[in-house]
A.B. asks: 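Can you read through this structure? Questions will come right after.
Order of the sequence lines sets the chain letters (A, B, ...), proteins ahead of strands, with each chain counted from 1.
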2 protein chains.
Amino acid sequence: MLEPNCTLAVDLVVLTVAEDRLRVLTIRRGVAPYRGRRALPGGFVLPGEDLLDAAERELREETGLGGLRVHLEQLATYAAPGRDPRGRVASVAHLALVPPPPGRPTGGTDAASAQWSDVAEVDAASPPLAFDHRRILRDGVERARSKLEYTPLAAAFCAAEFTVNELRLVYEAVWGTKLDPRNFHRKVTGTPGFVEPTGSTTSRQGGRPAQLYRRGDAAVLHPAMLRPTATPTARRPRPTGPGPATAIQR
Amino acid sequence: MLEPNCTLAVDLVVLTVAEDRLRVLTIRRGVAPYRGRRALPGGFVLPGEDLLDAAERELREETGLGGLRVHLEQLATYAAPGRDPRGRVASVAHLALVPPPPGRPTGGTDAASAQWSDVAEVDAASPPLAFDHRRILRDGVERARSKLEYTPLAAAFCAAEFTVNELRLVYEAVWGTKLDPRNFHRKVTGTPGFVEPTGSTTSRQGGRPAQLYRRGDAAVLHPAMLRPTATPTARRPRPTGPGPATAIQR
DNA sequence: TTAATAGTGTCTATGAGACAGTATGCC
DNA sequence: GGCATACTGTCTCATAGACACTATTAA
């Protein structure tokens, strides 16, 4: 047998979209170190427990998100020496995407007060999150942003049935951009496997009733839903003047 | 202080392209468990050592890849209970992309014989790689494949200066596809920040001398180099017959 | 009716892929 | 010259984005 030399933990970046903003679940630490500080929910991996199971258990225990459909995936591992004053702790961070929670999250055993907060505010908060959780949060948000580009995972932020409009609001909240509703609609319904119509409609928005959709069965999107880029294509200067369009090389 | 409950290790998926094939570095295990089996190089993280440093050290120690430029990034963490019979081991796998090695890799301390092998052969080998290394290898290869799409990382497989042709051979080896040399050339040289001309040329291929390039400074490619898809766009049936091109919906 | 949201059509610019054709080296 | 590789031009189709327009409900 080997001599154990570190403690294995999981931390959770739990994201949702509520009131058109990207939100993250944080807890207030009830014990040292960083007692009283906000932190990402997490905890130690039990003997005989795999990482994803530990993350799922913590999600239930600490956040009271019992029955929700969640998307859960491993994010990255953080094990810098000194990141935890109690000793060598390797934290395997996980990313969870959940639909908007019905009410306030309920604190569990060691989570004094779980709470949804605006991601930007948490990132800029003073004092910052405990440990290296600010970095983990940033990595998680960036992962979520890029996953929305090439997977149908935005639906994980919605209820089981949703309208195209609701899906667009998810994209806008996560990316922090505005999208053209009409082009978005065409793109979503035109990408095979992205969404499936349920056949029923809803008029919860007012206006013409909208079709309801379920998440489709595609694992990746073809074509992808690319984020609008600041430089639409790195804006190569268009040849507008007279003369040959191609510059002489060499 | 906390009671350590696991052992922290790093494993390496070291990939290169040699003779137009994607190759992975494996070692033969000199100690139990899985003694005599092929495995990915790796080892335990030292006290006070961060993960990436451990991976870098193992890369040097175990594989004799001393002075090479390498790209090294964290891949994922594998910690299923029972994955190592010696006890609870969390392996933080890393992905390394290296230029074609000048000679045979030299085995280090506990690596009896490091060796480059065809990725497909290793994946299909019997007996399979030790531990869960087959799964790790697959995840690493898939990561490399998709990273080539949206980053200029293919250049990590090349010498410091390379031709467009050499870069294309990298893509073809990693993706296992053929690419049109002419379109590839236009795309690579037209994507800002992908490659930078050095000004000099080479005629190592025979034929007209080729420009030499260095890796550019872009972190991501705009536009991306997408893998050719089996279904170019999920092939919606093209309207070829007479009559209105758009089918009536509903 | 108006307001509001849902959804379609169409135009333009750009990129992907196919492939003809030109450039420049070595034999 | 012949051949091989490097590179450019051009055509076609698909997609992204802009935006006019139609559809269907509630008040």
A.B. asks: Between atom CG in B/L169 and atom C1' in D/dA6, what is the gap in whole Å?
C.D. replies: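 Atom CG in B/L169 sits about 14 Å away from atom C1' in D/dA6.
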
A.B. asks: Applying side chain to side chain contact (heavy atoms under 4.5 Å, CB included), run through B/L51 and B/Q74 and close with a yes or a no.
C.D. replies: CA-CA 8 Å; B/L51 298 171; B/Q74 194 186 111; 3.8 Å; yes

A.B. asks: Verify side chain to side chain contact (heavy atoms under 4.5 Å, CB included) between A/L52 and A/L72, making sure each step is shown before the conclusion.
C.D. replies: CA-CA 8 Å; A/L52 207 59; A/L72 190 58; 4.1 Å; yes

A.B. asks: Between B/R182 (CZ) and C/dA20 (C1'), how many Å, whole number?
C.D. replies: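 Answer to the nearest Å: 8 Å.
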
A.B. asks: I'd like to know if the side chain of A/T16 and the backbone of A/P99 have a donor-acceptor N/O pair within less than 3.5 Å.
C.D. replies: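 At least one qualifying donor-acceptor pair exists.
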
A.B. asks: Rounded off to whole Å, could you give me the CG-to-P distance for the B/L179 and C/dC19 pair?
C.D. replies: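 Taking atom P of C/dC19 as the reference, CG of B/L179 is at 15 Å.
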
A.B. asks: Measure from the side-chain N and O atoms of B/R214 to the backbone N and O of B/E161, and report whether any donor-acceptor pair falls under 3.5 Å.
C.D. replies: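 Not confirmed, B/R214 side chain does not pair with B/E161 backbone.
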
A.B. asks: Does A/H185 make a side-chain N or O approach to OP1 or OP2 of C/dG7 shorter than 4.0 Å?
C.D. replies: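 The answer is yes; a side-chain N or O of A/H185 sits under 4.0 Å from OP1 or OP2.
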
A.B. asks: Check whether the side chain of A/R208 and the base of C/dA3 form a donor-acceptor pair under 3.5 Å.
C.D. replies: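 It does not, because no donor-acceptor pair links the side chain of A/R208 to the base of C/dA3 below 3.5 Å.
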
A.B. asks: Dump the intermediate steps for side-chain hydrogen bond (donor to acceptor under 3.5 Å, both in side chains) on A/S117 and A/Q115, then the final yes or no.
C.D. replies: CA-CA 6 Å; A/S117 316; A/Q115 153 183 325; 3.3 Å; yes

A.B. asks: DNA chain C: B/A224 or A/T163, which has the more 5' nearest nucleotide?
C.D. replies: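 Result of the comparison: A/T163.
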
A.B. asks: Measure from the side-chain N and O atoms of B/R145 to the backbone N and O of B/V174, and report whether any donor-acceptor pair falls under 3.5 Å.
C.D. replies: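 Side chain of B/R145 to backbone of B/V174: a pair is present.
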
A.B. asks: Can you identify which nucleotide, out of C/dC19, C/dG7, C/dT24, has its nearest atom closest to the B/N183 side chain?
C.D. replies: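 Within the option list, the nearest is C/dC19.
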
A.B. asks: What nucleotide among C/dC19, C/dT24, D/dC7 has an atom nearest to a side-chain atom of B/Q211?
C.D. replies: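 Per side-chain heavy atoms of B/Q211, the pick is D/dC7.
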
A.B. asks: Can you run through DNA chain D from 5' to 3' and write each base as (, ), [, ], | or . depending on how it pairs? Watson-Crick or G-U wobble, both distances under 3.5 Å.
C.D. replies: |||||||||||||||||||||||||||

A.B. asks: Over how many whole Å does the gap from A/L226 atom CG to C/dA13 atom C1' extend?
C.D. replies: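 That distance rounds to 16 Å.
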
A.B. asks: Find the distance A/M225:CE to D/dA14:C1' and express it as a whole number of Å.
C.D. replies: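 After rounding, the reported distance stands at 16 Å.
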
A.B. asks: Can you measure A/L221 atom CG to D/dT15 atom P for me and round it to whole angstrom units?
C.D. replies: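 So the CG-P distance, A/L221 to D/dT15, works out to 13 Å.
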
A.B. asks: Report yes if a side-chain nitrogen or oxygen of B/K187 is closer than 4.0 Å to either non-bridging phosphate oxygen (OP1 or OP2) of C/dA16; otherwise report no.
C.D. replies: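 Yes, such a contact exists.
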
A.B. asks: Starting at atom CG of A/D180, determine the distance to atom C1' of C/dG7, rounded to an integer number of angstrom.
C.D. replies: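 The answer, rounded to whole Å, is 12 Å.
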
A.B. asks: Determine the minimum heavy-atom distance between B/G140 and B/V13, stating which atoms define it.
C.D. replies: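 So the two residues come closest at CA-CG1, 4.3 Å.
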
A.B. asks: Please determine whether a side-chain nitrogen or oxygen atom of A/N165 lies at a distance below 4.0 Å from atom OP1 or OP2 of C/dA6.
C.D. replies: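 Yes, such a contact exists.
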
A.B. asks: Let's see if you can work this out: which of D/dG17, D/dC21, C/dC19 has an atom nearest to the side-chain heavy atoms of B/R186?
C.D. replies: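 Among the listed nucleotides, the one closest to the side chain of B/R186 is C/dC19.
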
A.B. asks: Rounded to the nearest angstrom, tell me the gap between atom CH2 in A/W175 and atom C1' in D/dA16.
C.D. replies: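 One finds 12 Å between C1' of D/dA16 and CH2 of A/W175, rounded.
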
